[in-house]
Protein chains: 2
Amino acid sequence: MATAKVVVLLVALVAVVGSCGAWELKIRMPTAREVEAAAERLEEDVAAPLIHALRPLLGSGGQLGRRAGVPCDSWRLAVEAYNKRDWKTVPTNCEGYVGHYMLGGHYRRDSRVVVDEAIAYAESLKLAGNGKEVWVFDIDETSLSNLPYYAAHGFGTKPYNATSFNEYVLEGSAPVLPETQRLFRKLISLGIKPVFLTGRREDQRAISVANLRRQGYSGWLKLLLKPVGFKATAIAYKSGERQKLQDAGYVIVGNIGDQWSDILGAPEGARTFKLPDPLYYIG
Amino acid sequence: MATAKVVVLLVALVAVVGSCGAWELKIRMPTAREVEAAAERLEEDVAAPLIHALRPLLGSGGQLGRRAGVPCDSWRLAVEAYNKRDWKTVPTNCEGYVGHYMLGGHYRRDSRVVVDEAIAYAESLKLAGNGKEVWVFDIDETSLSNLPYYAAHGFGTKPYNATSFNEYVLEGSAPVLPETQRLFRKLISLGIKPVFLTGRREDQRAISVANLRRQGYSGWLKLLLKPVGFKATAIAYKSGERQKLQDAGYVIVGNIGDQWSDILGAPEGARTFKLPDPLYYIG
């Protein structure tokens, strides 16, 4: 559909200027940034139907009364603004949209703006400098990316498969999210200590440490993993761990994650940041 | 820049297919939905520079180290996900983007998805049916739209002017937000009573009631306005009013607004919904 849009745009614009040859008259040399942006759009708009072609558009937006399914950009916004909750999978018709959002420049651009806000906030803090000021980092889709796994499993359109996902985690090959690492290193340089707080289980500690180190992370204060067999919601588990940090005398000046369940539940931390994640929902 | 993108797309695509004439070979009849979508993009992509032309791109994304300013779609996402807070004005380079987001189909589409979620939630409720179940509605940019004012004042790129904005409010001419009205009417049909809770002042009650009625609202339980001269943050004021509702025996099953300050602060309501608003921030 994206290419069709471009085609229709062409038809409409050609109609406006009268003839194909007249196009040249309209063309000026684009700036470097415009070329970069256009290249992204070209990749996203032109390549999207190729991924779409892999799977018919079954549609999943019945509640919208639209045969073609939910509008994917509006669905993603509803997810990021916490309007859409407790969803199980990405709408089938949005696989191509989410794939190209994640693989193209859009996800990186959105993440960079969040991290720029976080760094501006951190730099504005008057620190006690007593070594008690900490910043909580989630791991998956925050410090490390599982995009290689999700790209091979329908970009969130398929139900979560704990077995295959844990096999992937145990490879310890998850790539870094560069924006988050930029924040991580800035905080250390400011004297704020990073604390990893993750839903990964204690029996995944060794591979998680190896993966984090391989990807260039070092200097964290703690790595808090969920006890094996621990039963609780992510919000209950993570807010409980943050409470323990406070009880131990730490001051949580910031908290960043890709899920609302990373940053909801007192004590949240003095300031929270929500990184984009259209791949899955953890309540 | 948007048109330049399309131009660059053209150049790139023409390069791919070799000649302008070859274009016709690529063209197929688009579906009705594609035409509608393309018309929207045509309006947004082609018309945007006309608004841009009204004001030079001074840029405002220094913190991003980008001469052309912050990427406007990422800025809007950061606002909606509550990563960007306490901002005074829309980045100057985003006036065209925000204008066409609001005037084109995008804002309506995003709002509809939020309201579809709210209605699905409301229909899923097991109601006591004792007349005590209420839903809190904000007014500005939630029940009524001040877009006519903001379209004439730089789409949020100019500092807030209380004098001219209040003159506009006193006209009582703000149009309805149709998606919100659809929720409002659905709730009444379900037996959930709407309560308006607004930062508008008590001395604007008469014109607010007239405007709401003119736009087709009726059947609300209460219209709560801020006492003249009342000094408090929006969060403190609105959470205090919601507390009074609870103390009076009402059950706030839902709460919808365009600002995070509408839906933060206990008691928030059993479920909250954040409508899009890239025009202004109220803390």
Side-chain angles (χ1 to χ4, degrees), chain A residues 1 3-14 16 20-21 23 26-28 30-31 33-35 37-39 41-42 45-46 61 63-64 66-68 70-71 73-78 80-85 106 109-114 116-120 271-276, chain B residues 1 3-14 19-21 23 26-28 30-31 33-35 37-39 41-42 45-46 61 63-64 66-68 70-71 73-78 80-85 106 109-114 116-120 271-276:
Chain A
M1 201 187 84
T3 41
K5 276 190 197 173
V6 175
V7 169
V8 176
L9 259 173
L10 284 173
V11 178
L13 292 176
V14 168
V16 169
C20 230
W23 268 113
K26 299 271 179 196
I27 293 175
R28 65 172 175 80
T31 68
R33 179 136 182 279
E34 286 165 350
V35 172
R41 288 202 53 80
L42 188 63
D45 288 352
V46 175
Q63 78 284 3
L64 290 181
R66 297 182 138 216
R67 263 194 354 283
V70 61
D73 57 349
S74 299
W75 173 85
R76 181 173 61 85
L77 180 67
E80 296 303 334
Y82 204 42
N83 287 311
K84 187 102 192 157
R85 304 180 189 179
H106 203 165
R109 211 160 56 234
D110 289 347
S111 301
R112 189 183 57 221
V113 170
V114 177
D116 286 329
E117 283 299 309
I119 288 178
R271 181 84 150 83
T272 61
F273 296 90
K274 167 71 175 72
L275 285 166
Chain B
M1 205 188 84
T3 41
K5 275 189 197 175
V6 175
V7 169
V8 176
L9 260 171
L10 284 172
V11 177
L13 292 175
V14 168
S19 90
C20 228
W23 267 115
K26 299 272 179 195
I27 293 175
R28 66 171 175 79
T31 68
R33 180 135 182 279
E34 287 166 349
V35 172
R41 290 203 52 80
L42 187 62
D45 287 352
V46 176
Q63 79 283 6
L64 291 180
R66 298 180 138 216
R67 262 195 354 282
V70 62
D73 58 348
S74 299
W75 174 85
R76 180 173 63 85
L77 180 68
E80 296 303 334
Y82 203 42
N83 287 312
K84 187 101 191 158
R85 304 180 189 179
H106 203 164
R109 211 159 57 234
D110 288 347
S111 302
R112 189 183 57 221
V113 170
V114 177
D116 287 328
E117 283 298 310
I119 288 177
R271 182 83 151 82
T272 61
F273 295 90
K274 166 72 175 72
L275 286 167

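Reminder, nothing fancy here: chain letters follow the sequence lines and each chain counts from 1.
For the pair Leu77(A) and Arg76(B), the minimum side-chain heavy-atom distance is below 4.5 Å. The closest side-chain heavy-atom distance from Lys84(A) to Val113(B) is not below 4.5 Å.
Annotation: side-chain hydrogen bond (donor to acceptor under 3.5 Å, both in side chains) contacts of Ser74(A) (sequence neighbours excluded): Asp110(B).
For Ser111(A), no part lies near chain B; criterion is any non-hydrogen pair under 4.5 Å. With a 4.5 angstrom heavy-atom cutoff, Arg85(A) touches chain B via backbone and side-chain atoms both.
Closest heavy-atom contact between Glu80(A) and Ala81(B): O-CB, 3.6 Å. The minimum heavy-atom distance between Arg271(A) and Asn83(B), with the atom names listed, is NH2-O, 3.1 Å.
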